[in-house]
Number of protein chains: 2
Amino acid sequence: MPNNQFKKGELYSFITGKASTAIARRLQKKLNDAGLKLTIEQWSVLYHLWKEDGKSQQELCNATFRDKPSITRLVDNLEKLNLVKRVASENDRRINKIFLTKQAQKMQEQTMILAEETLNEALETVPLEKIEVCKEVLQIVYDNLK
Amino acid sequence: MPNNQFKKGELYSFITGKASTAIARRLQKKLNDAGLKLTIEQWSVLYHLWKEDGKSQQELCNATFRDKPSITRLVDNLEKLNLVKRVASENDRRINKIFLTKQAQKMQEQTMILAEETLNEALETVPLEKIEVCKEVLQIVYDNLK
DNA sequence: GGCATATAGTTGTTTATACAACTATTCAAA
DNA sequence: TTTGAATAGTTGTATAAACAACTATATGCC
């Protein structure tokens, strides 16, 4: 039993993602307070389009670790908010490419600042080298389970 | 900017809780495969009742980091599944104490084994001392934001 | 060319979350 | 003792996630 070092209470926090839930809630609050009508989940889709506009829905599935129906509905809602537009691909008509509107392009800087703020608040007082170890462990966990 | 060491891609993983999502999905799959009709969220409520039966809904809110409506509905569903029972408190009639049924009591051992299995799979190859650092960082993150 | 199969996306259903507004009960202070 | 505030829980509404079943288009093999 190589890694069975979890006392009961610690097991719970790992499974429920207490820390990342707290981070997401804090960022959501910052978005609300800034008057941005945007959920974290919508933000997470925009995030990948800011990196590269015109991704397909399938590419957004892979990038955000969501299934296809989830992305369909997030894109539905982002379209209603006038933040993205579906454009059928020329080459392959099964594919929708998703493009940011002007309005969404303008939101990038402000929301990224809020995201960085959130992480700085979350990691206040944590030494750099411990953050590095933590990032490394979380990546391994993800790789082990994917 | 003491802790602003996040490159863009890493920022994303921290906020979205990629690792804890993967852990929760893996445990959900194990519950399904074992034929247990139970969501992770329902499991997380039972978890605290297994530790101490008869907690109030408010105590379950605190223990699971959920708000009151979320607990109301989780308890609704657990009651429908015949896993818990609401019992009005004698002393204070505002309070519901939540008690496990026989059926739910019997599920503890099996699901705890699945949860530990999940974590062992998640943390395979991660050295103990790194797990300790990771737990510590996640706890500080939670404390910083709560 | 035609058919099986794979891929991209949508729809239906159930469960869960977050927030606001609400009811019921308790407590405390004038 | 009454009244106003605090506490416990519920209900309404919007958004999201997971899974299954579905449509439409593309691909590959005969």
Side-chain angles (χ1 to χ4, degrees), chain A residues 16-18 20-22 24-33 36-46 54-81 83-84 86-98, chain B residues 16-18 20-22 24-33 36-46 54-81 83-84 86-98:
Chain A
T16 56
K18 198 169 72 152
S20 59
T21 304
R25 283 180 187 155
R26 175 66 61 95
L27 176 54
Q28 182 69 69
K29 190 173 181 323
K30 281 179 188 285
L31 292 172
N32 296 343
D33 290 353
L36 297 168
K37 284 197 188 313
L38 200 61
T39 65
I40 299 292
E41 295 81 4
Q42 291 164 359
W43 174 85
S44 80
V45 171
L46 296 182
K55 281 194 161 80
S56 72
Q57 294 188 200
Q58 183 58 54
E59 288 170 327
L60 289 172
C61 292
N62 301 338
T64 63
F65 324 116
R66 290 182 171 87
D67 67 359
K68 291 190 290 180
S70 296
I71 290 295
T72 293
R73 277 144 184 160
L74 281 171
V75 171
D76 286 348
N77 285 336
L78 286 167
E79 258 190 339
K80 278 185 211 150
L81 291 167
L83 295 174
V84 304
R86 283 178 167 94
V87 178
S89 165
E90 291 287 308
N91 309 338
D92 185 338
R93 297 184 46 208
R94 292 171 301 181
I95 296 177
N96 289 336
K97 304 217 165 190
I98 312 301
Chain B
T16 56
K18 198 170 73 153
S20 58
T21 303
R25 282 180 186 156
R26 174 65 62 97
L27 176 54
Q28 182 69 69
K29 191 172 179 325
K30 282 179 187 287
L31 292 172
N32 296 343
D33 290 352
L36 297 168
K37 285 196 186 315
L38 200 60
T39 66
I40 299 291
E41 294 81 5
Q42 290 164 358
W43 174 85
S44 80
V45 171
L46 296 182
K55 282 194 161 81
S56 72
Q57 293 189 202
Q58 183 58 57
E59 287 170 327
L60 289 172
C61 291
N62 300 337
T64 64
F65 326 116
R66 290 183 173 85
D67 68 0
K68 291 192 289 180
S70 295
I71 290 296
T72 292
R73 278 144 184 159
L74 280 171
V75 172
D76 285 349
N77 286 336
L78 286 167
E79 257 191 337
K80 279 185 211 150
L81 292 168
L83 295 174
V84 304
R86 284 178 167 94
V87 177
S89 166
E90 292 286 309
N91 310 337
D92 185 338
R93 298 186 43 210
R94 291 172 301 183
I95 295 177
N96 289 336
K97 304 216 164 191
I98 312 301

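Just so we're on the same page: letters track the sequence lines, and every chain starts at 1.
Between the side chain of Gln42(B) and the backbone N or O of Val75(B) there is no donor-acceptor pair closer than 3.5 Å. A distance-only check finds no donor-acceptor pair linking the side chain of Glu79(A) to the backbone of Leu74(A) [under 3.5 Å].
Comparing Thr21(A) and Glu59(A) against DNA chain C, the residue whose closest nucleotide sits nearer the 5' end is Glu59(A). Mapping Thr72(A) and Gln28(A) onto DNA chain C by nearest heavy atom places Thr72(A) at the nucleotide closer to the 5' end. Checking Phe65(A) against Ser56(B), the closest nucleotide of DNA chain D that is more toward the 5' end is the one next to Ser56(B).
Going from atom CD1 of Ile71(B) over to atom P of dT17(C) covers 8 Å, rounded to whole Å. Rounded to whole Å, the distance from CH2 on Trp43(A) to C1' on dA18(C) is 19 Å. The separation between Asn96(B) atom CG and dT23(C) atom C1' is 13 Å, rounded to whole Å. The nearest whole Å value for the distance from the NZ atom in Lys29(B) to the P atom in dC19(D) is 9 Å. One interatomic measurement links the two molecules: CD of Glu79(A) to C1' of dT10(C), which rounds to 13 Å at whole-angstrom precision. At whole-Å resolution of the value, CG in Asn62(A) and P in dT7(C) are 12 Å apart. In this entry the distance linking CD1 of Ile40(B) with P of dA16(D) reads 22 Å, nearest Å. Between the CG atom of Asn91(A) and the P atom of dT7(C) there is a distance of 18 Å, rounded to whole Å.
Across all strands, Leu74(A) comes closer than 4.0 Å only to sugar-phosphate atoms, never to a base (heavy-atom distances). Looking at heavy-atom distances under 4.0 Å, Asn77(A) makes contact with sugar-phosphate atoms alone, never a base.
For Arg86(B), whose side chain is taken as the heavy atoms from C-beta onward, the closest listed nucleotide among dA18(D), dT10(D), dA18(C) is dT10(D). Comparing dT10(D), dG9(C), dT11(C) by their nearest atom to the side chain of Pro69(B) picks out dT10(D). Residue Asp67(B) places its side chain closer to dA18(C) than to any other of dA18(C), dT10(D), dA8(C). Of the candidate nucleotides dT25(C), dC19(D), dT10(C), dT10(C) has the atom nearest to the side chain of Gln57(A). Each of dG9(D), dA16(C), dT17(C) was ranked by its minimum atom distance to the side chain of Ser70(B); first place goes to dT17(C). Listed nucleotides: dG9(D), dA17(D), dA8(C). Nearest to the side chain of Gln58(B): dG9(D). The side chain of Lys68(A) has dG9(C) as its nearest neighbour among dG9(C), dA18(D), dT17(C). For Arg73(B), the side-chain atoms get nearest to dC19(C) when compared with the rest of dC19(C), dA8(C), dA26(D).
A donor-acceptor contact under 3.5 angstrom links the side-chain atoms of Arg94(B) to the base of dT7(D).
Listed pair Arg66(B) / dA18(C) fails the phosphate criterion, with no side-chain N or O lying under 4.0 Å from OP1 or OP2. For dA18(D), the OP1/OP2 oxygens have no side-chain nitrogen or oxygen of Asn32(B) closer than 4.0 Å. Phosphate proximity of dA16(C) to Thr39(B): present, with a side-chain N or O under 4.0 Å from OP1 or OP2.
Crowding of Lys97(B) atom NZ: a count of heavy atoms from other residues, nucleotides or ligands under 6.0 Å not exceeding 12.
Using a 4.5 Å heavy-atom threshold, the side chains of Val45(B) and Leu83(B) count as separate.
Residue Asn62(B) is tested with Glu59(B), Arg66(B), Gln58(B) for a side chain to side chain donor-acceptor pair (under 3.5 Å); the sole match is Gln58(B).
Ion pairing of Arg86(B) with Asp76(B) is present here, as a side-chain N (NZ or NE/NH1/NH2) and a carboxylate O approach within less than 4.0 Å.
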